[in-house]
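The next block holds one structure in the form of structure tokens; read it before the comments.
These numbers were taken from a predicted model, which means no experiment stands behind them.
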2 protein chains.
Amino acid sequence: MAQTDTVTRILNTAEVLFAERGFAETSLRNITSKAKVNLAAVNYHFGSKKALIQAVFARYLDPFTERFHATLDELETRYGGQPIPLEVLLESMARTVLEVPAERNSLKVFMRLLGLAYTQAQGHLRGYIQQQYGSVFTRFAELVRKATPELPDSERFWRLHFMLGTVIFTLSGLDALRDIAEQDYGEHVSVRELIRRLRPVVVAGMNAPLPEDPHAMAG
Amino acid sequence: MAQTDTVTRILNTAEVLFAERGFAETSLRNITSKAKVNLAAVNYHFGSKKALIQAVFARYLDPFTERFHATLDELETRYGGQPIPLEVLLESMARTVLEVPAERNSLKVFMRLLGLAYTQAQGHLRGYIQQQYGSVFTRFAELVRKATPELPDSERFWRLHFMLGTVIFTLSGLDALRDIAEQDYGEHVSVRELIRRLRPVVVAGMNAPLPEDPHAMAG
DNA sequence: TTACGTTTTAAACAATCGTTTTCCAGCAGG
DNA sequence: CCTGCTGGAAAACGATTGTTTAAAACGTAA
């Protein structure tokens with residue numbers, strides 16, 4: 001199928017350009033010219049630029065959610081009702097995140113896209129991701145709840161997002177940070193090296209003592 | 001001066017729209033029409049859209065750096081050579097961040113702009129901020145170094161950026177998160193409430209145990 | 001008043017955007 | 001044969017972008 005070739009060439013080029021410059025700053029002409037396909041091909045195969053953006057995300061998130069669900073299945077049977085330790089949960093998530101993009105382009109692109117999805121409002125994107133892939137996060141959050149029964153629900157909610165922020169923010173802006181680190185310390189860090197450094201920080205953050213309540217705590 | 005009125009009305013409108021939609025998604029016509037000034041006023045008073053973006057940042061970052069330098073001066077004389085505790089440093093930074101926008105619009109706008117500066121590449125912006133306001137961060141990092149002498153330099157560098165990511169990511173995407181939290185727990189969190197929750201997490205993250213080294217650690 | 005520098009205004013600029021239309025090439029089954 | 005369908009190519013669509021131009025309005029000093 002020559003059609004598939006055009007589609008994947010568009011997707012491969014689009015994901016890189018989106019990750020580099022963002023959605024609004026990347027025109028369809030940028031994509032199609034670099035991908036060596038006709039301009040109209042995007043609207044022909046995807047329908048619109050919005051749909052192309054969603055397709056780029058789906059190509060990462062579909063295999064990710066599938067594998068992550070499988071991983072959680074496996075964990076739940078292995079621990080058979082017993083709460084799964086927080087470290088195991090986080091480690092499993094990190095491993096799944098690392099696995100998926102290995103087959104495709106790079107983890108950098110994947111993380112950068114996640115960061116854009118969060119910050120670059122784009123209305124439709126956040127809704128699409130929430131609706132399409134929200135279930136796996138809900139499931140993960142429920143397992144984290146069982147792993148940290150001492151945490152008030154609202155406190156755990158916020159800490160999960162704090163940690164999500166740490167990881168996505170770091171890996172999303174990795175290129176810029178890597179440049180600074182390299183010129184400051186002359187050391188080049190790999191993504192896996194970074195995740196190794198992230199783990200104890202994330203675990204410590206989740207297990208931090210509860211904030212003292214100044215007036216009254218709603219938790 | 002009627003000129004100042006136009007300038008500030010442009011800035012006030014621009015910062016809100018930039019924070020809401022991003023830079024590329026906000027046109028000069030959006031700004032000028034909402035600000036009820038002529039379209040050409042932007043190019044007349046600021047020169048270009050890029051310059052307007054930088055001016056928006058400068059209006060927050062100039063007073064911030066000035067106050068933060070003053071705060072650090074005060075801390076250094078109070079502790080007279082002794083290392084300033086990490087909690088004090090973080091607390092001082094948080095207080096300064098909270099102080100500055102109180103006079104103007106809202107903390108939300110300030111944080112959202114910082115998030116955009118990080119993620120929305122915009123080449124010129126990152127360079128501008130780094131070059132214009134890098135010194136105060138360098139000074140802060142040096143004080144953090146003295147406060148955490150047991151940390152390897154590279155480890156501290158990364159953890160500082162981890163924590164920066166946590167705070168900026170959280171407060172930058174606050175609106176979206178707040179919506180989710182509100183519908184999940186029915187509880188409305190204020191920014192100060194969030195910072196109260198952030199503090200123990202950040203401190204714990206900075207003081208986390210060092211990662212075990214799998215092969216060899218360069219730090 | 002006249003004159004001058006500053007600010008505002010309306011209009012147009014060229015460039016780029018996402019999308020649509022039109023036409024053509026290739027290949028299937030009747 | 002030609003009919004129908006799919007994918008690609010070129011061109012044009014109208015809309016919107018940041019920026020510039022030129023003239024009008026303003027306030028102030030001579």
Between [atom2] on [N] and [atom1] on [X], what's the gap in Å once rounded to a whole number?
{"X": "A:Arg9", "N": "D:dG7", "atom1": "CZ", "atom2": "C1'", "value": "13 Å"}
{"X": "B:Asn43", "N": "C:dT6", "atom1": "CG", "atom2": "P", "value": "18 Å"}
{"X": "A:Asn38", "N": "C:dC24", "atom1": "CG", "atom2": "C1'", "value": "12 Å"}
{"X": "B:Lys49", "N": "C:dT16", "atom1": "NZ", "atom2": "C1'", "value": "13 Å"}
{"X": "A:Asp5", "N": "C:dG26", "atom1": "CG", "atom2": "P", "value": "17 Å"}
{"X": "B:Lys50", "N": "D:dT19", "atom1": "NZ", "atom2": "C1'", "value": "14 Å"}
{"X": "B:Tyr44", "N": "C:dA10", "atom1": "OH", "atom2": "C1'", "value": "16 Å"}
{"X": "A:Glu25", "N": "C:dA15", "atom1": "CD", "atom2": "P", "value": "22 Å"}

Q) Checking all strands, does A:Thr26 fall into the base, sugar-phosphate, or nothing category for heavy-atom contacts under 4.0 angstrom? A) sugar-phosphate
[N] phosphate, OP1 or OP2: any side-chain N/O from [X] under 4.0 angstrom?
{"X": "B:Thr6", "N": "C:dT7", "result": "no"}
{"X": "B:His45", "N": "C:dT6", "result": "no"}
{"X": "A:Ser27", "N": "C:dC17", "result": "yes"}

**Q.** Residue whose closest nucleotide on DNA chain C lies nearer the 5' end, B:Lys36 versus A:Val42
**A.** B:Lys36
Q. How far does CG of B:Leu116 sit from CD of B:Glu20, to the nearest 0.5 angstrom?
A. 11.5 Å
Q | Rounded distance [0.5 Å steps], OG1 in A:Thr166 versus CD1 in B:Ile168 | A | 11.5 Å
Q.
Heavy atoms from C-beta onward define the side chain here; which of C:dT19, D:dT19, C:dC17 lies closest to that of A:Leu39?
A. C:dT19
(Q) Using the side-chain heavy atoms of A:Leu28, tell me which of these nucleotides is nearest: D:dT21, C:dG18, C:dT7. (A) C:dG18
Q) Charged N to carboxylate O below 4.0 Å: is that the case for B:Arg139 and B:Glu76? A) yes
Q) Would B:Glu91 and B:Arg95 satisfy salt bridge (Lys or Arg N to Asp or Glu O under 4.0 Å), going step by step from the backbone distance to the final call? A) CA-CA 6 Å; B:Glu91 190 72 27; B:Arg95 212 175 326 113; 5.1 Å; no
Q. Is A:Arg199 reaching over with its side chain to a backbone N or O of A:Ala94, donor-acceptor style, under 3.5 angstrom?
A. no
Q) In terms of the nearest nucleotide of DNA chain D, which residue is placed more toward the 5' end: A:Arg29 or A:Val37? A) A:Val37
